[in-house]
Visitor: 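Input: one structure, supplied below.
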Amino acid sequence: LGPSLKESTKNISSEFSWTKSNLPKKLFINNEYVDSKHPKKLELHNPKDGSLVANDVSLAGEQDVDAAVAAAEAAFPAWRKTLPNVRRDCMLKLADLIEQNGKALAELTRETLGAPFGSFGSFEINMAAEGFRYFAGWTDKFAGETYPQEDGFLKIVRNEPLGVTCGIIPWNGPLANVGMKAGPALSTGNCFILKPSEKTPFAALALGTLIREAGFPPGVFQVISGDGTTGALLASHMRVRKVSFTGSTSTGRRIQEMAARSNLKRVTLELGGKSPAVVFDDCNLDNAVAWCANAITANTGQVCFAASRVYVQEGIYKEFVAKYKQAMKDKAAAVGDPDAATTTIGPLVDKMQFDRVSGFIERGRSQGNLLVGGEKVGGKGYYVQPTVFENVAHDAEISQEEIFGPVAVLNSFRTEEEIVALANDSEYGLMAGVFTQDVNRAMRLAAELDSGMVGVNCVSMAFLQAPFGGNKQSGIGRENAINALRMFTEPKTVFINLTY
Ligand code: NAD
């Protein structure tokens with residue numbers, strides 16, 4: 001998922017020795033770990049066998065959210081005026097600390113997400129560390145702009161931070177999402193409250209120790225664990241000025257409603273997807289097969305931009321099917337215990353997700369031809385085989401709905417016109433892939449596909465340097481690149497009268 005990220009794997013080491021027992025399972029407010037005022041605790045399970053991992057993780061209630069917001073408000077006036085190089089240095093230090101403690105952080109996440117270190121586990125650490133580094137570089141480069149003064153008025157635009165901002169994140173990227181959200185928020189002088197998913201809060205809780213060591217002043221960067229009720233308290237809070245959300249489309253819709261009903265806080269939504277990969281006769285077949293197989297199995301298919309609809313032009317269909325089937329069988333062989341060094345595909349996150357994905361697979365048997373997979377793996381734990389259904393009607397449930405597991409639908413097509421219409425006929429519009437060696441065709445499709453991102457001879461990619469996000473019901477706004485900075489600032493225009 002990006003060459004620059006892959007290269008930094010070598011820096012990941014382990015300094016702290018958190019474990020699920022010694023990890024502070026409290027709220028990180030004002031640079032201190034404090035007890036939640038709410039009596040309820042979160043219960044976490046290990047997806048490799050369903051065993052209980054913890055039942056004492058804090059859930060932030062109303063008083064706790066108010067305390068975090070008050071601390072952020074108190075910290076904001078000084079933080080926004082802190083010299084950019086000081087903000088930069090805190091962020092760079094945090095990135096180093098994340099890397100230095102990467103193994104321990106990845107192990108904590110593996111306990112509840114089941115992501116093997118050799119694949120998604122290390123990607124997560126890189127993405128978080130590189131996210132803070134990337135946005136650290138922007139601290140002194142996004143102050144604003146000026147416009148012509150020939151009419152006697154100099155116009156200056158100041159890009160100002162919003163104040164108290166928050167990030168509500170899902171379980172499928174418990175650390176990857178942090179740099180993408182906290183990075184641009186802190187870089188532009190906002191205070192930031194992180195609300196991790198109730199299913200995977202460990203790495204975020206550990207971050208408190210690193211935030212303090214990195215030198216962030218109290219109240220600037222806080223972490224409060226909790227469930228949807230905690231998220232709703234933040235999204236509807238009158239003194240939170242921005243919520244950056246990643247998660248399901250249904251929750252995203254509710255967040256926007258809460259934002260509208262409270263204080264019209266700014267909202268960025270990164271939601272679901274049903275991304276198409278379109279494979280033309282003239283493509284490099286092996287390249288297309290490899291990308292399509294990786295894209296639906298990385299993180300056990302629990303990736304918002306996974307290419308879950310594969311369309312192959314009829315001239316190479318048979319050949320593609322043979323190779324794709326084999327590639328998915330090879331992927332099935334890589335499914336296993338996430339703690340084992342050789343495993344690259346772990347279990348689904350929990351029983352709820354396992355039941356949901358299994359339900360799609362069962363119903364899919366009557367919606368298409370099961371080409372490969374379709375079975376549970378092992379006696380315990382939430383493992384499924386990478387699965388492909390062939391010849392599935394366009395309006396079938398498995399063609400339309402986001403499954404969020406290693407399940408793809410595969411169909412053939414004839415013409416470019418036909419496939420653009422089919423690919424675009426989805427409520428989602430996050431990512432699309434086009435496999436062809438014809439540059440004109442690639443550019444035509446890049447223009448015509450209705451999605452936030454289009455990969456040519458690749459799919460399911462993210463880079464910090466390029467906008468990330470979706471069209472239609474895949475979201476609102478963009479993360480990464482300069483676009484993320486715009487989402488965390490308000491342009492203030494100053495007119496200077498030069499005519500007297
Ligand atoms: P989810 O919507 O259930 O939960 C996401 C977060 O929102 C969690 O922290 C949760 O506690 C919180 N939440 C739940 N209800 C809430 C409410 N009423 N108010 C405020 N916050 C609330 O999503 P999930 O199951 O954790 O994640 C899976 C979904 O995320 C998938 O649909 C996937 O496509 C999407 N996703 C999108 C992207 C993207 O960038 N587009 C990336 C990753 C995941």
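Remember, it's 1-based here, ligands and their atoms both numbered in the order they're listed. Note that the structure is a prediction, hence the values are computed from the model and not measured.
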Visitor: Is the contact between Met258 and ligand 1 made by the side chain, the backbone, both, or neither, using heavy atoms and a 4.0 Å cut-off?
Guide: side chain

Visitor: Of the backbone atoms (N, CA, C, O) and the side-chain heavy atoms from C-beta on, which set of Leu234 has a member under 4.0 Å from an atom of ligand 1: side chain, backbone, both, or neither?
Guide: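 Neither part.
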
Visitor: Looking at residues at least two apart in the chain, or sitting in another chain, which of them share a ring-ring contact (aromatic ring centres under 6.0 Å, His included) with Phe192?
Guide: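 Listed in chain order: Phe221.
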
Visitor: Classify the ring geometry between Trp171 and Phe404 as parallel (under 30°), tilted (30 to 60°) or perpendicular (over 60°).
Guide: perpendicular

Visitor: Is the NZ atom of Lys472 crowded by more than 12 outside heavy atoms at less than 6.0 Å?
Guide: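 Counting neighbours around NZ of Lys472, more than 12 heavy atoms of other residues, nucleotides or ligands fall under 6.0 Å, so yes.
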
Visitor: Counting heavy atoms only, which part of Thr246 comes closer than 4.0 Å to ligand 1: side chain, backbone, both or neither?
Guide: both

Visitor: Side chain, backbone, both or neither: which part of Glu270 has a heavy atom under 4.0 Å from ligand 1?
Guide: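 Both parts.
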
Visitor: Determine whether the side chain, the backbone, both or neither of Phe245 has a heavy atom under 4.0 Å from any heavy atom of ligand 1.
Guide: side chain

Visitor: Taking the six-membered ring of Phe488, is the NZ or CZ of Lys242 close enough (under 6.0 Å from the centre) and on axis enough (within 45°)?
Guide: yes

Visitor: Check whether Phe360 forms a cation-pi arrangement with Arg363 (NZ or CZ under 6.0 Å from the six-membered ring centre, at most 45° off the ring normal).
Guide: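 Judged by the rule, Arg363 and Phe360 form a cation-pi pair.
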
Visitor: Need the ligand 1 atom indices (1-based, order shown) with element for anything under 4.0 Å from a heavy-atom of Leu430.
Guide: 41 (N)

Visitor: Answer with side chain, backbone, both or neither: which part of Ser248 has a heavy atom less than 4.0 angstrom from an atom of ligand 1?
Guide: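 Both backbone and side chain.
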
Visitor: Please work out, at 4.0 Å between heavy atoms, whether the side chain, the backbone, both, or neither of Glu402 comes within that distance of ligand 1.
Guide: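 The answer is the side chain.
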
